[in-house]
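To keep things clear, I will list the structure first and then write my remarks on it.
Hydrogens, waters and symmetry mates play no part in the numbers below; they use all other heavy atoms, side chains included. If you're wondering where the values come from, they're calculated on a predicted model, not measured in any experiment.
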Amino acid sequence: MTTAIDFSDLTGVKAQPKPQQTNAQGFYSPDKVPEQKNKAQPSSMGYPTQKTQSGDELMQLFPTPVLICPYPVDYTKELEWINNQECRKENQGGDAGGQKIHYNRQSEDTFVLDRPELSNIRAFIEAKLHEFVTKIYASTDKLVITQSWLNKSKKGESHHEHVHPNSMVSGVWYPQIHEQMPPIQFRSRNQRDVSLQTEQYNTFNSATFMLPMKRGELILFPSNLT
């Protein structure tokens, strides 16, 4: 039996007292967020701008949101369950300079967040997904988690470059990570066949971005981001 902890502030909405709490950690899924009598209008993020040295205004059009969310409570039991789950023994790809590529191994179960052992993790992810959609995208749509799986990596294994079709928002949660390992890499959708020579990389000229993650962190991002 898990003691209920109130984390309703993750969605910006205070929980109402209930005779029976079905969500063990107090996270609230989009369809379970308590109603507010006076709903505040979502604030507009606007376009990020900054002043140049010459006094001009530099605007960043159509930025890509990536939300990083630390998990706020202990998940020792969930991690133990995850570590005991079977994943594929081998996952080889094509040749790279005459050598086989070894990708990390995925669980056969592609609905792991439906398992009762991960109910608190699912509730946390749903709460953050709700925040991502309503506060960043300022949308009234309610998204639902479809597939979810485990990826396990050992020395010499990597994850292939990909996007997630037929999806709006994707996410990765890191229950266990070696923080000296190479970080997750994102690739810009605005790459060109012809490019300028670059002396220093920034938001406007980078083709890739390496994002280091920490244990327990969740990242959410648009599904069409490579």
Side-chain angles (χ1 to χ4, degrees), residues 7-13 25 27-33 36 39-52 57-73 113 118 120-149 151 159-175 177 179 181-192 195 198 200-226:
F7 285 105
S8 56
D9 58 338
L10 290 175
T11 60
V13 181
Q25 294 290 359
F27 302 122
Y28 283 91
S29 307
D31 60 338
K32 298 177 183 176
V33 177
Q36 277 185 318
K39 290 186 177 180
Q41 294 296 322
S43 59
S44 174
M45 288 288 180
Y47 288 101
T49 61
Q50 62 189 81
K51 290 288 185 180
T52 66
E57 189 176 69
L58 179 64
M59 179 180 289
Q60 300 183 40
L61 286 178
F62 314 121
T64 302
V66 177
L67 186 65
I68 305 171
C69 318
Y71 191 74
V73 294
L113 288 179
L118 297 183
N120 292 328
I121 307 300
R122 181 188 181 98
F124 167 73
I125 295 174
E126 285 179 330
K128 289 302 179 180
L129 177 62
H130 178 74
E131 178 181 328
F132 192 74
V133 171
T134 59
K135 295 185 179 180
I136 296 176
Y137 278 115
S139 174
T140 57
D141 289 332
K142 294 183 179 180
L143 301 189
V144 296
I145 296 174
T146 52
Q147 287 186 292
S148 53
W149 57 89
N151 282 326
H159 202 72
H160 62 285
E161 184 175 298
H162 66 287
V163 295
H164 294 150
N166 302 318
S167 175
M168 292 297 298
V169 178
S170 295
V172 184
W173 180 58
Y174 290 88
I177 186 173
E179 294 179 11
M181 292 290 285
I184 186 170
Q185 176 175 299
F186 294 101
R187 186 173 295 277
S188 171
R189 294 168 290 183
N190 301 319
Q191 294 181 79
R192 300 182 53 170
S195 60
T198 301
Q200 183 176 353
Y201 288 105
N202 57 37
T203 304
F204 301 106
N205 61 25
S206 297
T208 60
F209 185 84
M210 307 287 280
L211 180 63
M213 299 301 297
K214 295 179 180 179
R215 184 182 186 273
E217 285 185 334
L218 164 74
I219 51 172
L220 296 173
F221 49 89
S223 296
N224 62 348
L225 178 62
T226 303

CZ-OG1 distance between Phe186 and Thr226, expressed to the nearest 0.5 angstrom: 10.0 Å

Grab the two heavy atoms, one from Met210 and one from Pro183, that are nearest each other, plus how far apart they are. CB-CG, 3.7 Å

Determine whether Pro65 and Pro222 make a side-chain contact, defined as any pair of heavy atoms from C-beta on separated by less than 4.5 Å. yes

Intermediate values then yes/no, side-chain contact (heavy atoms from CB on, under 4.5 Å), Thr203 and Phe209: CA-CA 9 Å; Thr203 304; Phe209 185 84; over 6 Å; no

Kindly compute the distance separating OG (Ser170) from CG (Leu129), expressed to the nearest 0.5 Å. 10.0 Å

Evaluate the criterion side-chain contact (heavy atoms from CB on, under 4.5 Å) for residue pair Ile184 and Leu211; output intermediate values, then yes/no. CA-CA 5 Å; Ile184 186 170; Leu211 180 63; 3.8 Å; yes

For Met213, does the CE atom have more than 12 heavy-atom neighbours from other residues, nucleotides or ligands under 6.0 Å away? yes

Rounded to the nearest 0.5 Å, how far does CG of Asp141 lie from CE of Met168? 7.5 Å

In this structure, CD of Glu57 is separated from OG1 of Thr49 (nearest 0.5 Å) by 4.5 Å

Nearest heavy-atom neighbours spanning Gln185 and Thr208: NE2-CG2, 3.8 Å

Indicate yes or no: at least one non-hydrogen side-chain atom of Val172 is less than 4.5 angstrom from one of Ile219. yes

Considering all heavy atoms, the nearest Gly216-Trp173 contact: O-NE1, 3.0 Å

Once rounded to the nearest 0.5 Å, what's the spacing between atom NE2 of His164 and atom CG of Leu225? 10.5 Å

Might you point out which heavy atoms bring Val66 and Phe221 nearest each other, and give the distance in Å? CG2-CB, 4.2 Å

Give me the atom names and distance for the closest heavy-atom approach of Leu113 to Arg122. O-CD, 3.2 Å

Between atom CG of Leu118 and atom CZ of Phe124, what is the distance when rounded to the nearest 0.5 Å? 13.5 Å

Heavy-atom closest pair, residues Phe204 and Met59: CE2-O, 4.4 Å

Is it true that a side-chain atom of Asn202 and a backbone atom of Asn205 form a donor plus acceptor pair closer than 3.5 Å? yes

